[in-house]
Amino acid sequence: MKRLVVLISGRGRNLQAIIEAIASGELQAEVALVLSNRPDAGGLDYARAAGINTCVIRHADFPTREAFDAEMIAAIEPCKPDLVVLAGFMRILSSAFVRAFAGRLINIHPSLLPLYPGLDTHARAIAAGDSEHGASVHWVTEELDGGPVILQGRMRIRAGETAEQLATRLLEEVEVKLYPQAIKLLLS
Ligand code: GAR
């Protein structure tokens, strides 16, 4: 069985979609560990209820990014993951972390990369007058949101739509299908 470690910081809707895809048999894998940098991340409750191992490593407890990342590496490595899946994990990773999981480290980003790396992607797409928005699953490299794209999903932006509405629609109409699909592709 292929092994996933999923990193989250918040709500965990993408994590939930991955767990559901496994439960339905669409994805042949197991989540060996869900790791959060925030103890109050909603996704932790969902994972615990699904009987999945969870672990919290608070970034604020560490003096440097490197020290925090070293602790995460130590927690992840024993799981021997085939993929390390960033799912709304909102920390920039050190080069040591990226190197530790090179070729196994993926992220979902809420834009049609290379458009809009970084934050506020939905508002930026609207402000630019784009007719289309989307999400990208990509390999993680040391360049922020800059690694090679694996798969993208796209959707029309509606007239008058707010950034919040667009973010919700992107998550529910695109991201929750795209991430399990990309993971399936990579594991096959
Ligand atoms: C998702 O929209 C994901 O694409 C985005 O955060 C949200 C997490 O939601 N990720 C990034 O912005 C990464 N830079 P979730 O916790 O409910 O899956």
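Indexing begins at 1, ligand by ligand and atom by atom, following the structure's order.
- Contact record, Val34 with Ile8: CG1-CD1, 3.9 Å, taken as the closest heavy-atom pair.
- Checked by distance only, ligand 1 and Arg11 come closer than 3.5 Å through their nitrogen or oxygen atoms.
- Looking at Thr121, its side chain does come within 3.5 Å of a backbone N or O of Pro110 through a donor-acceptor pair.
- Checking Met90, His122, Glu175, Arg13 against atom 13 (C) of ligand 1, the nearest heavy atom belongs to Met90.
- Atom 12 (O) of ligand 1 has its closest protein heavy atom at Pro110 CD, 3.4 Å.
- Listed here is the closest heavy atom pair of Tyr116 and His109: O-NE2, 2.8 Å.
- Under a 4.0 Å criterion applied to the non-hydrogen atoms of Asn14, ligand 1 contributes the atoms 1 (C), 18 (O).
- The backbone N or O of Gln165 lies less than 3.5 Å from a partner atom in the side chain of Thr162, making a donor-acceptor pair.
- Of all atoms in ligand 1, listed by their number and element, those nearer than 4.0 Å to a heavy atom of His109 are 14 (N).
- Counting heavy atoms only, Gly12 comes closest to atom 16 (O) of ligand 1 of the residues Gly12, Gly10, Gly88.
- In this structure, Ile108 has a heavy atom closer than 4.0 Å to ligand 1.
- No donor-acceptor distance shorter than 3.5 angstrom exists from the side chain of Ser94 to the backbone of Asp69, with no hydrogens or angles considered.
- Put simply, the side chain of Asp145 gets close to the backbone of Gly118: a donor and an acceptor are under 3.5 Å apart.
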